[in-house]
Amino acid sequence: MIKVAPSILSANFAHLADDIKDVENGGADYIHVDVMDGHFVPNITIGPLVVEAIRPITKLPLDVHLMIENPDRYVTQFAQAGADIITVHVEACTHLHRTIHLIKEQGVKAGVVVNPATPVEWIEPVLEDIDLVLLMTVNPGFGGQSFIESVLPKIERVAHLVKTKGLQVEIEVDGGVNEKTAKKCVEAGANVLVAGSAIYNRKDRAQAIKEIRGE
Ligand SMILES: O=C(CO)[C@H](O)[C@H](O)COP(=O)(O)O
Ligand SMILES: [Co+2]
């Protein structure tokens, strides 16, 4: 089953509750929350306060993508704020195994994110420990960028590893996902599609979600 995770980075922050309900009613599976610190990535976005504020307004799992340095410092705060999935960048974690277990100790699903120029071999040693792999298909930091095609073989590689090891690990993609690039990601083995601008820049979000899911 293909899941769609609208990224609220492209929502109207003055009407965030309405924009979240709109995609929930439109068939979204997760709400993707992009947390940026101005250090790991050049942009600054939102923190645990916003996660706490949106928690009661949706039943959907909150998929919190931490684009921050030293994520260990903030994992507990995001979990307590209501995150259901917390993903950390492999490039930001000196002790990745420890960070993953810190997330799981909070009762939250743990995922690891891989930038376009980072080899997927970096996450192979922890594949058995995680619930989700997130492959970036843009360089993180901003919404509305173009899909990087060279990530497709990396999706295939992760899908192959997950299958051969017999794991229940979700494979998520994030960045430049629209109905055309979504199809390529699914063919390569992805099952969770994050999309910000391709959903929120459309009037009919339900239709956008359907098209991305390939329906
Ligand atoms: O993590 C992200 C950027 O770092 C966002 O989730 C992503 O860019 C979504 O936006 P779009 O679908 O418009 O590319
Ligand atoms: Co993201």
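Read the numbers this way: they start at 1 and go in the same order the structure lists the ligands and their atoms.
Heavy atoms from other residues, nucleotides or ligands lying under 6.0 Å from CZ of R98 number 12 at most. Counting heavy atoms of neighbouring residues, nucleotides and ligands inside a 6.0 Å radius, atom CD of E215 exceeds 12 of them.
The contact set between ligand 1 and H65, taken as ligand atoms under 4.0 Å from a residue heavy atom, comprises 1 (O). Each of the atoms 3 (C), 4 (O) of ligand 1 lies under 4.0 Å from some heavy atom of G141. Per-residue contacts place P140 under 4.0 angstrom from the following atoms of ligand 1 (heavy atoms of the residue considered): 4 (O). Those atoms of ligand 1 that come under 4.0 Å of a heavy atom in S197, given as number and element, are 11 (P), 12 (O), 13 (O). The distance from ligand 1 to the heavy atoms of G175 drops below 4.0 Å at these ligand atoms: 14 (O). Against a heavy-atom cut-off of under 4.0 Å, G144 is close to the following atoms of ligand 1: 11 (P), 13 (O), 14 (O). With ligand atoms numbered from 1 in the order given, ligand 1 contributes 6 (O) to contacts under 4.0 Å with heavy atoms of H32.
Between F142 and ligand 1, at least one N/O pair is under 3.5 Å apart. Of the N or O atoms in D34, one or more lie within a sub-3.5 Å distance of an N or O in ligand 1. Considering backbone and side-chain N/O of G176, one or more are found under 3.5 Å from N/O of ligand 1. The shortest N or O to N or O distance between V177 and ligand 1 is not under 3.5 Å.
Among the heteroatoms counted here (N, O or S) of D174, OD2 is the one nearest to the Co ion (ligand 2). If you look at D34 and ask which of its N, O or S atoms sits nearest the Co ion (ligand 2), the answer is OD1. Within H65, the N, O or S atom lying nearest to the Co ion (ligand 2) carries the name ND1.
Using a 4.0 angstrom heavy-atom cutoff, A195 counts as in contact with ligand 1.
Under the 4.5 Å side-chain contact rule for hydrophobic residues, V35 and V112 share a cluster. Hydrophobic clustering (ILVMFWY, side-chain heavy atoms < 4.5 Å, transitive): I199 and V192 are in distinct clusters.
Atom 12 (O) of ligand 1 has its closest protein heavy atom at G196 N, 2.8 Å. Among protein heavy atoms, the minimum distance from atom 7 (C) of ligand 1 is reached at D174 OD1, 3.0 Å.
A heavy-atom distance below 4.5 Å is not found between the side chains of I85 and L62.
Proximity of a side-chain donor or acceptor of T87 to a complementary backbone N or O of L134 within less than 3.5 Å is not detected. At least one donor-acceptor pair closer than 3.5 Å links the side chain of S10 to the backbone N or O of S197. Of the possible polar contacts, none joining the R205 side chain to the V23 backbone as a donor-acceptor pair under 3.5 Å is found. In terms of modelled atom types and a separation under 3.5 Å, the side chain of Q106 and the main chain of L102 share a donor-acceptor contact.
Of all the listed residues (G143, S146, A198), G143 holds the heavy atom that lies closest to atom 10 (O) of ligand 1.
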(request) For side-chain contact (heavy atoms from CB on, under 4.5 Å), just list the numbers for M136 and V113, CA-CA rounded to whole Å, side-chain angles, deciding distance to a tenth of an Å, and then say yes or no. (result) CA-CA 7 Å; M136 291 306 300; V113 195; 3.6 Å; yes
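The aromatic rings of H101 and H97 sit tilted, their planes meeting at an angle between 30° and 60°.
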